[in-house]
Amino acid sequence: MSKSYERLAALNKSHVWHPFTQMKDYNNEDPLIIERGEGVRLYDVQGRAYYDGFSSVWLNVHGHHVPELNQAISNQLELVAHSTLLGMANIPSIELAEQLVNISPHGLNKVFYSDSGATGVEIAIKMAFQYWHNKEGRNKKSFITMGQAYHGDTIGAVSVGAIPLYHEVFRPMLFQSHVIPYPYAYRHEGGAEGAKEATITALRSLLEAQADEIAALIVEPIVQGASGIVVMPEGCLREMADLCRKHDVLFIADEVATGFGRTGEMFACDLENVTPDLMVVGKGLTGGYLPVAATLATDEIYSAFYADYREQKTFFHGHSYTGNPLGCAVALASLKLFKENNLLEGVRSKAVLTANKLAALKDRPHVGEIRQKGLMIGIELVRDKGSRESYEWEERIGVRTSQKARELGMLTRPLGNVIVFIPPLASTEAELGEMTDILAASIIQVTEG
Ligand SMILES: *Cc1c(COP(=O)(O)O)cnc(C)c1O
């Protein structure tokens, strides 16, 4: 072990508190310390290469150290690194807003910037709440979310979150949300149809009983990410959106994970031609380079805030780095690469290739289900395939499998017993082939070895 590694590892242990990490476990092991990235690989300070098999937690799009993206940032840096959007504008945030409106579902014409998925969600929630307040002073103040939902880690986002392991401890300080079941076909006795029916029925009866006190529904469209990459049965999102519209409840799509091509369409809502009232984007917006997020709104939402100042309808919300020019510049360059490289088409064909490669895993004794939409893939491991009995959480089957993948040269991070494979969209077929080989080998070695 090199001297500089030892020094960095010791300092890391002394001073850095890592997110979503039990530090007692973490500090018992030698930390992975990344020094640089190139294409779809990351290199640690000891020079070892790893495939970025989870896009650095679902962010990266075009790979690392991409000349066009680097150039966009240095060009902007020659002009100005940051200036505020409070009462003034800057060039990249204007141009990016135009682009976002162009590629988003029809009708989303206004862009409110922030700096992370969670803040984008906070903004959507507050906008929905104040929309009803401004519009009619109505008592519409609660939210509907879905079982096992994840929308970020700030208090508002946690209030519409429903993953007990992350959220339960904070329950006393949260606002209450209505929770309808997410259609989890693999673990529903009625399969996809039964799961979908249960969701729609629950939503319908909730709306029929209480729509006049409900401001909005928030959903991770088509793919529920943090719960284990769970894919909705076809038509479910569309039906949910229609029900909300019918009952005058706003529809918020949290596209933070699914946006920017992950599912094979620019946005997951496009898969079922859904236009939300509010849409949150983050993660892949800057190609995975810088922290920029945005909340898009329809003209209808915007116009409820557009009034004489003394009517007190202003949206009093903002963040220091709202509309950061460096971040917006790299987001623009990323969107340009989507077009130049025909990336969406590429994702669709690479998704087919990846599905074929992974099909061989289906017959393994501990592979319960392989779920996939585009290049978002989750593989649920089970102790008993017939009964679908789960591994006990203490067995840490997901963690051990991901550790094995790292030994074999690929980074990923599990969600409980689900192995996540979300490669950068620009991965070549050859790279995807090698990554899926590592994935399969680590699953087989850990569950059967
Ligand atoms: C990651 C994620 C968030 C939170 O985004 P941050 O940038 O980590 O705050 C919100 N919603 C979904 C669906 C996500 O996957």
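Start at 1 and go down the list; that is how both ligands and their atoms are numbered. Excluded from the calculations below are hydrogen atoms, water molecules and symmetry mates; all remaining heavy atoms, backbone and side chain alike, are included.
- A search for salt bridge (Lys or Arg N to Asp or Glu O under 4.0 Å) contacts involving Lys13 returns nothing, not counting sequence neighbours.
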N/O pairs closer than 3.5 Å, ligand 1 and protein:
residue  : atom   : partner : partner atom : Å
ligand 1 : 5 (O)  : Gly117  : N            : 3.4
ligand 1 : 7 (O)  : Gly117  : N            : 2.7
ligand 1 : 9 (O)  : Gly117  : N            : 3.3
ligand 1 : 9 (O)  : Ala118  : N            : 2.8
ligand 1 : 11 (N) : Asp254  : OD1          : 3.3
ligand 1 : 11 (N) : Asp254  : OD2          : 2.6
ligand 1 : 15 (O) : Lys283  : NZ           : 2.6

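- Residues that satisfy the side chain to side chain contact (heavy atoms under 4.5 Å, CB included) test with His366, not counting sequence neighbours, are Tyr391, Thr447, Glu448.
- Ring pair His167/Tyr150 is parallel by interplanar angle, where below 30° counts as parallel and above 60° as perpendicular.
- Pro105 approaches Phe267 most closely through the heavy-atom pair CD-CD1, 4.1 Å.
- Side-chain contact, Asn341 with His62: no donor N or O sits under 3.5 Å from an acceptor N or O.
- Partners of Glu265 according to the salt bridge (Lys or Arg N to Asp or Glu O under 4.0 Å) rule, which considers only residues two or more places apart in sequence or in another chain, are Arg348.
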